[in-house]
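Order of the sequence lines fixes the chain letters, A, B, ..., with proteins taken first and strands second; residue numbering starts at 1 for each chain. Hydrogens, waters and symmetry mates are skipped; everything else that's a heavy atom, side chains included, is used.
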Amino acid sequence: MQQNTKKTIITSALPYSEAMPHLGNFVGSILPADVFHRYEELAGRDSIFICGSDQHGTPIEIRALKEGVSAEHLADSVHERMKKVFESFECSFTHYGKTNSESNKKAVYEIFEALDKNGYIKEVESVMPYCNIDKRFLTDRYIEGKCPYCGFEGARGDQCDNCGRLLSPQDLIDPYCGLCHNKDIEFKKTVNLAIELDKLQPEILDFVKMRMGAWSRNAANKTVSYLEQGLEPREITREMKWGFPVPRKGFEDKVFYVWFDAVIGYIGISMEWSEKWKDYWKGPDTELIQFMGKDNIEFHTMMWPGILIGSGLGFVLPHTIYAYEYLTAKGLKFSKSRGVGLNMENALEITGPDYWRFALMYLAPESSDNDFTIALFVEVVNKIMNDKIGNYVHRVLTLLKNSGLKASELVEDEKSTDKVAMLTRKYAEDFEALKMREALRELVAIADVGNETISSSRPWELIGKDGVKLGGEDRAKEFLGGMVSIVRRMGVLMWPFAPDASSKILKRFGISEPRLSDLKKPLKELNLEGLEPVFSKLSDKQLKDLERFEEDS
RNA sequence: AGCGAGGUAGGGUAGCCUGGAGUGCCCGCCGGGCUCAUAACCCGGAGAUCGGUGGUUCAAAUCCACCCCUCGCUACCA
């Protein structure tokens with residue numbers, strides 16, 4: 001037998017280090033990536049889960065300027081906070097790194113030089129506004145002036161907030177610097193480097209045709225539509241200080257554009273993780289599975305593959321690109337850029353990670369935008385997670401305890417196993433197709449089967465508070481055998497979604513690293529000490545805490 | 001404006017690619033059952049002209065055209 005060399009790299013879009021992500025950001029890429037990674041572990045596969053903080057770019061540089069700290073300091077402090085909060089949410093990263101690292105710099109330079117050597121880099125000239133006071137070029141968002149269409153005073157270089165027209169910086173009347181508000185602005189010529197995606201279009205097209213069958217619908221369709229319009233060279237350098245300096249004569253005062261070093265960050269972060277990174281990124285049989293929000297599609301379906309192909313360095317190309325829609329929160333304060341409202345940190349102050357993970361995945365915006373409301377959250381936690389699953393586990397274990405029987409004496413009950421086995425198969429199929437919300441619903445359906453079986457079996461006629469009633473022993477053993485193995489199964493299948501509760505349940509079964517193969521093993525002794533419900537409903541206090549985040553109307 | 005994604009019972013979703021009785025699921029509602037369990041659980045029922053209008057077809061939620069509404073991308077935001 002050949003050793004199985006198949007490997008999987010799972011990535012989530014890198015969260016931007018400007019501010020703490022909110023729950024919509026979380027469910028849009030990191031959470032599904034983590035859930036999938038945990039499933040791969042359940043299935044016993046060789047996979048790594050790579051993520052990290054995206055640290056460069058204008059917004060961070062500007063915010064740092066305003067706060068009077070260095071960009072690096074700001075980016076690193078937000079990075080530390082994010083890393084901590086993701087860990088508190090039980091994210092199972094193989095490595096969580098950051099883009100402003102030595103290893104990523106190395107990766108960026110190596111890839112840039114390869115692209116350059118292969119003839120995919122060219123110089124492009126453009127005219128940009130320059131502030132003589134701040135001594136810097138101004139991006140479209142940071143130059144303001146009077147709107148030429150409606151006369152609004154605070155129009156920005158990209159758009160007028162008053163009339164909504166799209167603008168160019170040159171359109172503004174009496175432009176001034178958005179940072180220092182002085183009018184000492186001049187338009188200067190500047191030269192940047194661009195990657196010639198137009199040259200790479202044929203290869204990118206082949207790649208897309210071959211792979212898009214496995215992508216989410218939005219990613220596939222959007223990409224086709226972009227490719228039909230034709231790709232154009234895309235700039236990869238910027239006039240700013242915060243970032244990796246461009247290693248080329250005449251460009252020393254420029255840095256790589258954030259999108260360029262962010263996608264390469266997947267590799268750079270892996271390099272920081274371990275020497276083994278090559279076995280994955282250059283392995284003969286690696287699947288790269290990437291999760292992201294819909295706003296990130298074009299970077300991952302065209303620009304990123306273009307970079308990889310153009311480098312000629314033999315990196316694996318994305319196998320699956322799965323883009324989520326948005327989880328919105330119309331009735332809640334839920335804003336990352338404004339820095340207010342329900343973010344990941346204060347969410348954990350209200351309730352534990354299992355509850356958020358379960359509810360978010362149950363409501364995950366797989367095919368269209370979904371609105372997250374307190375009512376929906378409460379419904380999922382109280383009715384689905386607690387009443388169906390949590391209550392099932394607890395009633396079965398209580399029955400077992402009351403029966404006084406040993407788990408090793410129990411007999412598999414045939415009645416319910418067919419349906420449960422079918423649902424378990426569907427659970428696995430859903431995961432293979434990345435339909436994780438469906439997979440979670442199979443878990444709920446298994447609880448339904450368990451609850452139905454209890455009702456129809458009427459175990460209270462067999463088992464009293466202090467043991468099995470006379471003559472009911474055989475039936476009790478058979479019944480409990482079926483029910484207890486469903487509890488174990490739910491503990492295992494719950495692992496990707498609600499890891500804390502899963503561990504709590506599986507600990508009783510002596511399982512610490514759950515695998516799907518555990519489901520086939522015979523039942524061993526159970527530890528029933530300190531039996532208590534695995535979940536609880538949201539309390540009035542928790543609801544009050546949540547309502548603090550409702551939009552004042 | 002162009003492009004992408006949605007519009008299915010009171011709310012939320014699946015089905016659409018590969019037409020075939022509105023077929024399904026969750027919550028809510030109405031009625032019944034049970035009491036092992038966290039007032040939890042189980043069974044039954046009501047409730048939808050599948051966004052609109054035309055078209056193709058023996059047959060359309062599903063395919064085609066046009067229109068309306070929501071969200072997103074097209075912005076030197078990532």
Assert: residue with more 5' nearest nucleotide on RNA chain B, out of A:T58 and A:T398, is A:T398
Rounding to a whole Å, what distance do you find between A:I454:CD1 and B:A37:P? 11 Å
Is A:R217 near enough to B:G6 that one of its side-chain N or O atoms lies under 4.0 angstrom from OP1 or OP2? yes
Taking the side chain of A:N218 as heavy atoms from C-beta outward, which of B:G6, B:C76, B:G4 is closest to it? B:G4
Evaluate whether atom NZ of A:K469 has more than 12 neighbouring non-hydrogen atoms of other residues, nucleotides or ligands under 6.0 angstrom away. yes
Are more than 12 heavy atoms from other residues, nucleotides or ligands located less than 6.0 Å from atom NZ of A:K406? no
Would you measure the distance from the P atom in B:C50 across to the matching atom in B:G20 and give it in whole Å? 16 Å
Results of side-chain hydrogen bond (donor to acceptor under 3.5 Å, both in side chains) for A:T301 - residues two or more places apart only: A:T223
Any idea which of B:C76, B:U35, B:A14 is nearest the A:W460 side chain? B:U35
Tell me: CG of A:D448 to C1' of B:C27, nearest whole Å? 13 Å
Nearest-Å distance for atom pair CZ/C1', residues A:F377 and B:G12: 16 Å
Distance between C1' atoms of B:G54 and B:C17 (Å, rounded): 24 Å
I'd like the P distance from B:G19 over to B:U62, given in whole Å. 12 Å
The side chain of A:F535 lies closest to which of these nucleotides: B:G4, B:U13, B:U38? B:U38
Would you please test A:H394 and A:F535 for ring pair (Phe, Tyr, Trp, His ring centres under 6.0 Å) and show each step? CA-CA 9 Å; A:H394 191 240; A:F535 297 124; over 10 Å; no
Of the nucleotides B:C73, B:G4, B:C76, which one has an atom closest to the side chain of A:K294? B:G4
Provide the full list of salt bridge (charged side-chain N to carboxylate O under 4.0 Å, His left out) pairs with a residue in residues 430-441 of chain A, sequence neighbours left out, each pair given once. A:R45-A:E432
Nearest-nucleotide pick for A:Y226, side chain only, options being B:G6, B:U74, B:G4: B:U74
Select base, sugar-phosphate, or nothing to describe what A:Y257 touches, counting heavy atoms under 4.0 Å on all strands. sugar-phosphate
Cationic N near anionic O, under 4.0 Å, A:E461 to A:R458: yes
Measure from the side-chain heavy atoms of A:K222 and tell me the nearest of B:U38, B:C42, B:G4. B:G4
Protein-nucleotide distance (A:Q542, atom CD; B:U38, atom P), rounded to Å: 19 Å
Check: A:F137 ring centre within less than 6.0 Å of A:Y130 ring centre: yes
Between B:C73 (C1') and A:M302 (CE): distance, integer Å: 11 Å
Please measure how far the C1' atom in B:A61 lies from the corresponding atom in B:U49, and state the result in whole Å. 12 Å
Given B:C41, B:G6, B:C26, identify the nucleotide with an atom nearest to the side chain of A:S455. B:C41
Using a 4.0 Å heavy-atom cut-off across all strands, classify A:P533 as base, sugar-phosphate, or nothing. base
Under 4.0 Å from any atom of RNA chain B, heavy atoms only: list the residues of residues 380-390 of chain A that qualify, in numerical order. A:K383, A:I384, A:N386, A:D387, A:K388, A:G390
For A:K294, all residues meeting salt bridge (Lys or Arg N to Asp or Glu O under 4.0 Å), sequence neighbours excluded: A:E325, A:D369
Integer angstrom distance from the P of B:U23 to that of B:G44: 16 Å
Pairwise C1' distance, B:C68 and B:G52 [rounded to whole Å]: 7 Å
From B:A14, B:C73, B:C41, pick the nucleotide closest to the side chain of A:D295? B:C73
Confirm from the modelled atom types if A:R441 and B:C25 form a donor-acceptor pair under 3.5 Å, side chain to base only. no
Considering residues at least two apart in sequence or located in another chain, which fulfil the salt bridge (Lys or Arg N to Asp or Glu O under 4.0 Å) criterion with A:E298? A:R234
Need to verify one output field. Residue with the more 5' nearest nucleotide on RNA chain B, A:H56 or A:H394? A:H394
How about A:H79 and A:Y16: are their ring centroids closer than 6.0 Å? no
A:S367 side chain near B:A14 phosphate (N/O to OP1/OP2, under 4.0 Å): yes
Tell me what A:N451 touches on the nucleic acid: a base, only sugar-phosphate, or nothing, going by heavy atoms under 4.0 Å. sugar-phosphate
Can you tell me how far C1' in B:C29 sits from the matching atom in B:U35, rounded to whole Å? 24 Å
Rounded distance in Å - CG (A:L399) to P (B:A40): 19 Å
Students often get this wrong, so: under 4.0 angstrom with heavy atoms, is A:N402 touching a base, only sugar-phosphate, or nothing? nothing
Any chance you could lay out the salt bridge (charged side-chain N to carboxylate O under 4.0 Å, His left out) test for A:K241 and A:E61, step after step, and finish with the verdict? CA-CA 8 Å; A:K241 296 184 180 61; A:E61 187 174 38; 5.8 Å; no
Is there a side-chain polar atom (N or O) of A:K401 under 4.0 Å from OP1 or OP2 of B:A37? no
What's the closest nucleotide to the side chain of A:K435 if the choices are B:G15, B:C42, B:A37? B:G15
Spacing of A:M483 atom CE relative to B:C42 atom P, expressed in whole Å: 13 Å
Looking at A:Y362, A:W356, A:Y355, which hits side chain to side chain contact (heavy atoms under 4.5 Å, CB included) with A:F358? A:Y362
If you look at every strand shown and take non-hydrogen atoms under 4.0 Å, does A:F299 touch a base, only sugar-phosphate, or nothing? base
Taking it one step at a time, do A:D76 and A:K98 satisfy salt bridge (charged side-chain N to carboxylate O under 4.0 Å, His left out)? CA-CA 9 Å; A:D76 277 347; A:K98 55 183 191 175; 3.0 Å; yes
What does A:S456 touch in the nucleic acid at a heavy-atom separation under 4.0 angstrom: a base, only the sugar-phosphate, or nothing? nothing
Any idea which of B:C34, B:A40, B:G11 is nearest the A:R458 side chain? B:C34
How many whole angstroms separate atom OH of A:Y326 from atom P of B:G4? 17 Å
My validator wants the stems of RNA chain B: runs of 3 or more consecutive Watson-Crick or G-U pairs, both distances under 3.5 Å, written as range with range. B:1-7 with B:68-74, B:10-14 with B:23-27, B:29-33 with B:41-45, B:51-55 with B:63-67
For nucleotides B:U8 and B:G51, find the distance between their P atoms and express it as a whole number of Å. 6 Å
